[in-house]
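Below is one structure, written out as structure tokens, with a few remarks after it.
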Amino acid sequence: MNVKMDGKMKTIIEPFRIKSVETLKQTTLEERKKYLTQAGLNTFLISSENVLIDLLTDSGTGAMSTEQWAAVMRGDESYAGSPSFYRFEKAVQDITGHNEVIPTHQGRACERILFTTLAKKGDFVVSNMLFDTTRANAQAAGCQVKDIPCPELASPMTPADFKGNIDLEKLESFLKENSEKTSFVVSTITNNSGGGQPVSMANLKATRELCTRYKVPLMIDACRFAENAIFIKRREKGYEDKTPTQIAREVFDLADVISISAKKDGMANMGGILAMKNPQWAQDCRNNLILTEGFPTYGGLSGRDLEAIAVGLYEALDEAYLNYRIRTAQYMGDQLMKADIPIVNPPGGHAIYIDAKGFLPHIPPQQFPGQSLVANLYQLAGIRAVEIGSVMFGSLDQSGAEVPHSQELVRLAFPRRTYTQAHFDYVIEALIELRKTSKSMKGVRFTYRPEVLRHFTARFEWVD
Ligand code: F0G
């Protein structure tokens, strides 16, 4: 019997069943207050044992399938020329169409290798929006970075189909002036720092055209290439009848270089993929890789990891899985909006982003409303989220005063295939509860402020 009842049944079911479970530890309010204080109000510094539902990131935190675990058993740990590498290489070539495939231990290693090998010091790296590690690696390689997101992104609550797009007019005028001094144009799909928003095929094609015209290479940061593909299928004319695999391939064809953190749509717990078409560039990158990652056929990974990724890349493109994935985010978004909780709308593929400025309008950006919301959510319900706002992206002016970021977001990221619908209902309930007491919530101030990537290790105290 055909049990496909799409459109008739409304209940979202996980398209998998559970074979192995991990017990979640319950904590009391008093315990959570203590853990939070010990962690300097920074949930990165809390032991994950004391977190009930961990939505800190969707990176490397997903559950692997039985097929992936079976593949792990095939892992060959030879230092050079492992068959696990060749299976990995074949899967990446098959899905991306790029022949030169370089494994790394994770996405940021791809970024470091790429920028230190192929970008010129003093040059620009221009993007719809760089993720924090991509930005930091471009800067560490001596580049200047520039984000030119589309104007729709500036209105978090106003829906638009492809808020991840780059602003093409601004890109063109920038390249007209600066193409000689631009090492890469980067399209981040989906735009993680900007709300997990997808980039349209039309925008990617137009970006490609500008890159060709102005002779600047296009890098696609494709961590969430499968989620971006399902959004194109759902929202862009002409793609309704294509499979996510076909759409992803059409996207990859546009790039000169692809960087993927396999911890996202690679469905693996560790790994990164650098893929490109130019053999000379690849050779230069491999020579750089050997310095820090290892031999080019393992690149910082075990054979077991390579096997898990080779299977996971295909599983990420499964349409039933992708439909469930984006419906979960949409469901949570709908429930929160019904309760007047301001979110980036529409929800992205891998996360819900709460607009902390709207949730806590009485807390000024200099007192980090996003960080306050993250700390309060953990304290109330044991849920861990992450601030994407002035803690992560703020800077200091010459007098040492904080210059806030344009957005104050809190991200609730969904590990892949890990939590059930009931877990998501619990998160919704917790946020609705929190909303009731939001007026009494306090801002926070730094007690330790690291100079770079400060959200990871910063410490805070409540502002009275
Ligand atoms: N690019 C994007 C768009 C990312 O979201 C990430 C990681 C990276 C690059 C770097 O990859 O972690 O494997 O080194 N994002 C994680 C997150 C950390 O929580 O969103 P990595």
Side-chain angles (χ1 to χ4, degrees), residues 43-44 48 51 54-62 102-115 125 127-140 145 147 149 163-164 166 184 186-199 219-228 251 255 257-275 289 292-293 299-301 305 308-309 312-313 316 329 344 348-353 370 374 384-389 391-393 409-416 418 452-457:
T43 52
F44 272 103
S48 63
V51 174
D54 201 348
L55 307 184
L56 182 72
T57 179
D58 63 321
S59 180
T61 50
I102 302 172
T104 69
H105 83 275
Q106 64 182 95
R108 65 199 70 185
C110 301
E111 295 155 8
R112 188 197 64 76
I113 290 163
L114 188 72
F115 293 135
V125 172
S127 176
N128 54 341
M129 196 176 275
L130 296 170
F131 185 66
D132 58 356
T133 59
T134 327
R135 181 183 313 276
N137 272 301
Q139 287 170 332
V145 294
D147 289 342
K163 287 168 124 178
I166 199 165
F184 282 102
V186 179
S187 187
T188 309
I189 65 170
T190 56
N191 178 0
N192 185 11
S193 309
Q197 299 294 309
V199 180
M219 166 190 169
I220 299 189
D221 176 346
C223 291
R224 299 178 181 84
F225 67 94
E227 290 170 11
N228 203 74
V251 168
V257 178
I258 302 159
S259 169
I260 300 177
S261 164
K263 301 170 76 173
K264 284 83 170 174
D265 282 349
M267 307 293 255
N269 298 122
M270 192 48 73
I273 305 164
L274 195 54
L289 168 120
T292 54
E293 295 286 292
L301 294 173
D305 296 318
I309 298 165
L313 287 169
V344 173
H350 70 296
I352 290 285
Y353 292 67
V374 166
R384 178 153 71 168
V386 69
E387 191 257 18
I388 300 190
V391 173
M392 193 182 269
F393 290 129
L409 300 177
V410 166
R411 186 186 73 173
L412 303 154
F414 304 162
R416 291 167 182 74
T418 303
V452 287
L453 296 175
R454 50 197 206 164
H455 51 292
F456 290 128
T457 55

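Numbering starts at 1 and runs along the sequence shown. Counting convention: from 1, in listed order, for ligands and their atoms alike.
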Next item on the list: Using a strict 4.0 Å cut-off to heavy atoms of E111, name the atoms of ligand 1 that fall inside it.
Entry: 1 (N), 8 (C), 9 (C), 10 (C)

Note to self: Can you name the atoms of ligand 1, numbered from 1 with element, that are less than 4.0 Å from a heavy atom of K263?
What the structure shows: 13 (O)

Notebook entry, point to check: Considering only the protein, which heavy-atom contact is closest to atom 8 (C) of ligand 1, and what is its distance?
Noted result: F131 CD2, 3.6 Å

Checklist line | Ligand-side contact atoms (ligand 1) for residue partner G107, heavy atom cut-off under 4.0 Å | finding: 11 (O), 13 (O), 14 (O), 21 (P)

Margin query: Is there a side-chain contact (heavy atoms from CB on, under 4.5 Å) between T134 and T188? Walk through the geometry before answering.
Written below: CA-CA 10 Å; T134 327; T188 309; over 6 Å; no

Notebook entry, point to check: Between H350, K264, R112, R411, which one has a non-hydrogen atom sitting closest to atom 7 (C) of ligand 1?
Noted result: K264

Next item on the list: Would you confirm whether R135, through its side chain, and L130, through its main-chain N or O, come within 3.5 Å as a donor-acceptor pair?
Entry: yes

Note to self: Under 4.0 Å from a heavy atom of D221: which atoms of ligand 1 are those, numbered in the order shown and with their elements?
What the structure shows: 1 (N), 2 (C), 3 (C), 9 (C)

Item checked: Heavy-atom nearest neighbour in the protein, as seen from atom 5 (O) of ligand 1, with distance rounded to 0.1 Å -> N192 ND2, 2.7 Å

Margin query: Could you work out, with side chain to side chain donor-acceptor pair (under 3.5 Å) as the rule, every residue matching S193, not counting sequence neighbours?
Written below: none

Notebook entry, point to check: Can you list the ligand 1 atoms lying under 4.0 Å from a non-hydrogen atom of T188?
Noted result: 3 (C)

Note to self: Can a side-chain donor-acceptor contact be found between R112 and T104 if the only test is distance below 3.5 angstrom?
What the structure shows: no

Check: R411 side chain to G195 main-chain N or O, any donor-acceptor pair under 3.5 Å?
Finding: no

Note to self: Within the structure, is a non-hydrogen atom of G272 found at a distance of less than 4.0 Å from ligand 1?
What the structure shows: no

Next item on the list: Mind checking whether M270 contacts ligand 1 via backbone (N, CA, C, O), side chain (CB onward), both or neither, at a 4.0 Å heavy-atom cut-off?
Entry: neither

